[in-house]
Number of protein chains: 2
Amino acid sequence: MSVQERKERERAIRERLILATARELAEQQGWEAVTTRRLAERIEYSQPVLYSHFRGKREIIGAVAVEGAAEMATALRAAAAAADGPRARVAALAHAYLDFAARNPAVYDAMFQLDGGLDFATADTPEPLKDAFAALLESLGEVAGDDVHPGVVTEVFWAALHGLATLTRSGRLPPAFAEGRTELLVDHFARR
Amino acid sequence: MSVQERKERERAIRERLILATARELAEQQGWEAVTTRRLAERIEYSQPVLYSHFRGKREIIGAVAVEGAAEMATALRAAAAAADGPRARVAALAHAYLDFAARNPAVYDAMFQLDGGLDFATADTPEPLKDAFAALLESLGEVAGDDVHPGVVTEVFWAALHGLATLTRSGRLPPAFAEGRTELLVDHFARR
DNA sequence: TCGGATGTCTAGCGGTGCTAGGATCGCTGC
DNA sequence: GCAGCGATCCTAGCACCGCTAGACATCCGA
């Protein structure tokens with residue numbers, strides 16, 4: 001049985017290599033540069049090998065997204081834990097979120113801009129995605145009014161962060177005053 | 001001179017035909033279905049004709065975006081004008097914005113998701129884009145606190161609307177409670 | 001009526017995601 | 001130790017993409 005185990009191990013290693021390479025290439029030159037040919041060349045295999053691991057490019061994007069969601073959840077929780085008080089926690093969350101988006105634009109795109117074939121807000125949603133949302137919910141629940149649903153508050157807060165992240169990066173919001181916008185957002189959600 | 005004028009007129013008509021066809025095709029089947037071949041076939045000309053009007057596909061997207069921005073500005077102003085009081089105006093704006101995004105997803109994508117080669121937040125920004133932002137600013141300024149810049153408030157409000165629009169349409173926010181999210185957003189921005 | 005400019009098309013380039021089919025490699029049972 | 005077989009991988013190719021060079025026809029002005 002050892003042979004089979006070794007093969008599975010090697011397959012898993014190669015799969016991680018594919019994902020790491022795709023992510024690296026995407027961060028360096030954007031997702032449009034991540035073609036199956038280039039990706040295959042970088043991992044030093046032929047194209048069809050990619051299709052023995054993933055159904056297609058979309059599924060590769062999806063896998064990178066799930067990976068990224070886990071990282072984001074960790075980053076958000078770390079930021080919240082390091083802050084004192086509800087208002088500070090929400091501010092820390094906002095900064096951590098936008099920071100993650102700015103530092104990992106390709107991963108962020110995989111998560112929230114591109115089609116990775118993932119289910120959102122359903123039972124089949126990958127755990128890391130639900131967890132990242134939960135990380136937001138934990139601190140937002142503290143500042144939600146008694147008369148509103150914490151989940152809804154979190155959704156709107158998330159949508160605002162997402163808008164800031166994407167519009168800023170695409171140049172639709174001026175880079176200046178980015179900090180001011182973040183502070184204003186936090187004020188509106190954590191004032192009570 | 002009459003001949004030349006007629007030719008220019010015909011050229012202008014064909015250019016509008018290209019844009020209308022591109023928009024229609026994009027709304028029907030998404031922008032990925034808008035290929036130069038299909039577009040050329042629909043307008044009953046060969047591909048190279050497209051390139052005598054636009055530098056490339058990107059510029060076609062940009063032109064549709066500018067067209068859409070003018071429409072959106074009109075829709076926003078109409079909504080605001082029909083509402084009584086600052087709070088109601090902001091609510092009307094939010095609904096009109098999200099309604100426009102939901103009814104014209106392809107145009108919305110051209111404006112805010114895709115690369116149409118347009119400048120944003122600069123001096124070269126096409127007038128309709130600036131005007132659509134101005135339409136938001138007019139009503140948001142009324143509810144901005146005295147100690148904050150109305151422009152920044154509008155930017156954050158816009159970002160939140162953009163997040164709601166895109167995350168909802170891509171299935172990342174559940175369709176349920178969409179109305180609740182909108183109301184909550186308005187509450188947070190038009191409470192004073 | 002003719003020459004030339006203008007406009008349009010055919011054909012093709014290098015790229016994309018994806019896949020069928022053959023070759024080669026490595027494991028397993030004798 | 002070796003033969004046969006199954007898993008694994010690659011070559012080659014499909015249909016499509018955005019875009020363009022160059023041939024061709026058409027229409028205008030003299």
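First the proteins, then the strands, lettered A, B, ... as listed; each starts at 1.
One interatomic measurement links the two molecules: CD1 of B/I43 to C1' of C/dG7, which rounds to 14 Å at whole-angstrom precision. In this structure, B/E41 atom CD and D/dC17 atom P are separated by 10 Å, rounded to whole Å. Straight-line distance from the CD atom of B/E10 to the P atom of C/dG7: 11 Å, rounded to whole Å. Regarding B/R11, its CZ atom lies at a distance of 17 Å from the P atom of D/dC27, rounded to whole Å. D/dC10 atom P lies 11 Å from atom NE2 of A/H53, rounded to whole Å.
Classified by interplanar angle (parallel below 30°, tilted 30° to 60°, perpendicular above 60°), the ring pair A/H188/B/F189 is parallel.
For A/S139 (side chain) and A/A135 (main-chain N/O), no donor-acceptor pair under 3.5 Å exists by modelled atom type.
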List the atom pairs, donor and acceptor, that lie under 3.5 Å between side-chain atoms in residues 57-66 of chain A and the rest of the protein, sequence neighbours left out.
{"from": "A/K57", "atom 1": "NZ", "to": "A/V34", "atom 2": "O", "distance (Å)": "3.0"}
{"from": "A/R58", "atom 1": "NH2", "to": "A/D115", "atom 2": "OD2", "distance (Å)": "3.0"}
{"from": "A/E59", "atom 1": "OE2", "to": "A/R55", "atom 2": "N", "distance (Å)": "3.3"}

- Apply ring-ring contact (aromatic ring centres under 6.0 Å, His included) to the pair A/H162 and A/Y108, showing each step before the final yes or no. CA-CA 10 Å; A/H162 177 67; A/Y108 190 85; 5.7 Å; yes
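When all heavy atoms of A/T21 and A/L17 are compared, the pair lying nearest together is OG1-O, 2.6 Å.
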- Note on the structure: Protein heavy-atom contacts under 4.0 Å, written 5' to 3' over nucleotides 9-19 of chain C as B (base), S (sugar-phosphate only) or - (none), form the string BB-B---BBBB
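In summary, the side chains of A/T35 and A/R37 do not present any donor paired with an acceptor at a separation below 3.5 Å, with no hydrogens or angles considered.
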